[in-house]
Amino acid sequence: MGMNMSEKILAKHAGLESVEPGQLITCKLDMVLANDVTAPPSIKEFEKIGKPVFDREKIALIPDHFQPAKDIKSADLAKSVRDFSRKHNLVNYFEAGRVGIEHVILPEMGIVGPGMLTIGADSHTCTYGAVNGFSTGVGTTDLAVAMATGEAWFKVPEAINVHLVGRKPKNINGKDVILTLIGKIGVDGALYKSLEFTGPGVAELSMTDRLTISNMAIEAGGKAGIFPFDEVTKAYVEGRVKKPYEPVAADEDAKYCQTVEIDLGKLKSVVAFPHLPGNTKAVEDIGEAIQIDQVVIGSCTNGRLEDMEIAAEILRNRKVHEKVRCIVIPGSQWVYKEAMKRGYLEIFIDAGCVVSTPTCGPCLGGYMGILSAGEKCVSTTNRNFRGRMGHVDSEVYLAGPHVAAASAILGRIAAPEEVE
Amino acid sequence: MKVEGKVWRYGDNIDTDVIIPARYLNSFDPKELASHCMEDIDETFAKNVKAGDIMVGGRNFGCGSSREHAPVSIKAAGVPVIIAASFARIFYRNGINIGLPLMEIGDDVEKIKADDKLRVDTSTGTIENLTTGDVFHAHPLPGFVQEIADAGGLINYIKNK
C-alpha cells in the first residue's frame, strides 16, 4: 500500500519503512518552536526534567504575541524567554524588531522546509505544510519534553485529499480557498486528520496563498495541511533553506479517508461570520449591509508581502471610511521594509491606516486594536471566537486582504469589485 | 481514579479562548488562571465550582489555540475529569500530558445534563449518571498514551523512563 505525504514524513522521522493511520510512533524532530506566551511555562516544565537542550540549532523561540511588551507581566514573560535563550545559546531566538511573527518568519528565513517535521507550542504551526513539511501545534508540556529530548509522540493521522481543480479568478486568494473548505467540512471536519492538497489547482496558488491555507488547517480541526513540492515550492525554498532537505510526494496509490473537491474557478470572496471560522458566506450573499468599526490586515495568516500588495492596490488613492479604524500589521521586518520600499506603507498612511510593527497583537485580543462592546471588525486573522479580539460582545468577521481593504473603504463588509 | 461530582454542562466547539481569554495569558499561575476560567460564557463557574465537579462538553471541546493554560485552568479550578462527545486534538494531548483525564463518549453525552451527579472511574472508563441511572463507557486510550496518563502526565513519564 502506498503512503501519503503525512505518512512518509512521519515514517522517516520514526525510523520506519512505513506507517499507517492510528499507529503510535515516536519521531525525531527537525525544529521545535514556542513564543512568548507558550515558552515561559514550557521552560518551567523543561527545568523539571533536568536535561540540557537537545540541540541549540533546532529550537526557535520567537517573542511575537505580546511584544514589544504590552505590560509588565508580558515584559516578564519576554525576559524569561530571553534569559533562557542566552543561557542555552539558542541560535534561533530573535528579539522583537529583528524579525516578526513566528509563522511568517520561519518559512521566510528558511528555518523550516520540505520534508521536515516541526512541532510548535502554537496551534498555527501547521503553516509549514505549505512548504511540503509536516508541522503541527502542541502544548507547553510536549514542547518542554521536545526541547530536552528532540522527540515527540504522534498518532499517525488519517488524511483527507483536498483535490483542487480550475483556474483561480481575479480577486480570489488563499483565504477564500481555506474559508470555503472550512465552511464545507466544518470546524471539526478534519479532527485528528491531516489535509493534503492535490490536483491541477495547486499550481494556481502562490506560496502566499498556500501559507494562508495551511495556516488555517487547524480551524477545521486538522493536525496538518500539506502541499506537494512543485516549481512554486522550489522557487520559494531555494536560497532560503540552507540545510539539506528531501521533498515528499504522495504515492499514486496513497490512501485517503475522504476526498473533497474544490473548483477554484467557482470560488467567491467569502467572509466567516461570528463566532466560528466555519460560518462562511459569500460577500455577495450577505444582503443587509453590515457596518463595521475596525479592519485588521496582518497576522500569521495574511501578513505577507503579497497580502500587503493586495491591500495597497485597493487602498491606493482612496481613504479609509471615516467611521473605521484600519490597522495594518506587516508580518515580518522583511515584509515591513519591502512594503516601505514599494510604497505600500505610504499608500496605507495616506489612506488613514494605523501601521504597526510586526506582532500578533489584536488577532488574539492581546493589544494594538482591542474591540469594545458591540464593535464589529473585519479581520484577515484566523479566529472569530467569542471575545477573541476583545470584549465578549464584540464581533470578528474573517476575510482575505482584498475584502478587508474594500470593507475599510466602504465602512461595511464589501467585495473588492465594489471599489474597482 | 474514582470521582463523584456535579456536572457543569457546556455545548459544542467550546474553544480555548473562552476557557481562558488571551487577556489573562500574561500569567501562567494555575490559581490565577482558574479564577478566570470560562468567564466569558459563564460568570458563575469560577465562583461556584467545587473540587470534584465534572465538566461536560459537546463536540470538538477545546478547539482553537494550543494554550495549555486552558486545561491547566480547568484542572486548577478543581475539576478532576472532562467528558465530551469529542475533543480537539491539541487540547486532548495537553490533557493527557498534564495528567487531566479526558473521556470521549460520542453522542451519549446528550444524556448528561447540567447539575446531574456523575460517578466516574477513569481507570475503567466507566461513567455512571447517578441522577438518571444511565451508564456510559469512554473510548480507552491507545497504547503507551495510557502509560503517560497513568504516570500522571508526560513529565513524570519521561523522568521515570
I want to check something: taking the side chain as every heavy atom from C-beta on, are Leu25(B) and Phe66(A) in contact at a cut-off of under 4.5 Å?
yes
Looking only at heavy atoms and a cut-off of under 4.5 Å, which of Ile98(B), Val145(B), Thr16(B) has the most pairs with chain A?
Val145(B)
Is Phe28(B) close to Val37(A) at the side-chain level, that is, under 4.5 Å between some pair of heavy atoms?
no
Structural part of Thr26(A) lying under 4.5 Å from a heavy atom of chain B:
side chain
Is the count of non-hydrogen atoms from other residues, nucleotides or ligands lying under 6.0 Å from Asn160(B) atom CG greater than 12?
yes
For the residue pair Phe385(A) and Asp17(B), what are the closest heavy atoms and their distance?
CD1-OD2, 3.6 Å
Please give me the minimum heavy-atom distance between Arg383(A) and Ser65(B), naming the atom from each residue.
NH1-N, 3.1 Å
Per-residue tally against chain A (heavy atom, under 4.5 Å) across Asp15(B), Asp12(B), Asn94(B) peaks at Asp15(B)
Does Tyr192(A) use its side chain to pair, donor to acceptor, with the backbone of Phe87(B) at less than 3.5 Å?
yes
Hey, are Asp71(A) and Asn26(B) close enough side-chain-wise for a donor-acceptor pair under 3.5 Å?
yes
Going through the distances and angles, do Arg89(B) and Thr136(A) end up as a side-chain hydrogen bond (donor to acceptor under 3.5 Å, both in side chains)?
CA-CA 10 Å; Arg89(B) 68 158 274 282; Thr136(A) 195; 2.9 Å; yes
What's the spacing between Leu276(A) CG and Cys63(B) SG if we round to 0.5 Å?
7.0 Å
What option among Gly153(B), Gly64(B), Ala88(B) has the most heavy-atom pairs under 4.5 Å with chain A?
Gly64(B)
Looking only at heavy atoms, what is the nearest atom pair of Arg67(B) and Leu364(A), with distance?
NH2-CD1, 4.3 Å
What residue, out of Val187(A), Thr38(A), Ile72(A), has the most heavy-atom pairs lying under 4.5 Å from chain B?
Val187(A)
The reported gap from CD in Glu45(A) to CD1 in Ile158(B) (rounded to nearest 0.5 angstrom) is 12.5 Å
Could you go step by step and tell me if Ile218(A) and Ile90(B) meet the side chain to side chain contact (heavy atoms under 4.5 Å, CB included) rule?
CA-CA 10 Å; Ile218(A) 178 69; Ile90(B) 304 177; 3.9 Å; yes
Show, in sequence, the C-alpha distance, side-chain angles and deciding distance for Trp153(A) and Leu154(B), and conclude whether the side chain to side chain contact (heavy atoms under 4.5 Å, CB included) test is met.
CA-CA 10 Å; Trp153(A) 64 270; Leu154(B) 188 62; 4.3 Å; yes
When rounded to the nearest 0.5 Å, the distance separating NZ of Lys44(A) from CD1 of Ile155(B) is 11.5 Å
Heavy-atom pairs under 4.5 Å with chain B - which of Ser42(A), Gly387(A), Gly222(A), Gly139(A) has more of them than the others?
Gly139(A)
Rounded to the nearest 0.5 Å, how far apart are CZ of Arg386(A) and CG of Asn13(B)?
12.5 Å
Chain A contact via Pro142(B) - which portion, at a heavy-atom distance below 4.5 Å:
both
Sub-4.5 Å side-chain heavy-atom contact between Asp142(A) and Arg93(B):
yes
Take Glu68(B) and Thr141(A), measure what side chain to side chain contact (heavy atoms under 4.5 Å, CB included) needs, and give me the verdict at the end.
CA-CA 8 Å; Glu68(B) 207 163 285; Thr141(A) 303; 2.4 Å; yes
Under 4.5 Å from a heavy atom of chain A, the part of Asn97(B) involved
both
Please check if the number of heavy atoms outside Lys117(B) that lie under 6.0 Å from its NZ is greater than 12.
no
Quick check on the interface: out of Leu143(A), Thr149(A), Val392(A), Thr140(A), who has the most heavy-atom pairs with chain B under 4.5 Å?
Thr140(A)
Using the six-membered ring of Tyr367(A), assess whether NZ or CZ of Arg23(B) lies under 6.0 Å from its centre and within 45 degrees of the ring axis.
no
Sub-3.5 Å donor-acceptor pair from the side chain of Asp188(A) to the main-chain atoms of Asn60(B), do we have one?
no
Evaluate whether atom NZ of Lys28(A) has more than 12 neighbouring non-hydrogen atoms of other residues, nucleotides or ligands under 6.0 angstrom away.
no
Under a 4.5 Å cut-off applied to non-hydrogen side-chain atoms, are Leu191(A) and Arg59(B) in contact?
no
Between Arg388(A), His124(A), His391(A), Lys73(A), who has the most heavy-atom pairs with chain B when the cutoff is under 4.5 Å?
Lys73(A)
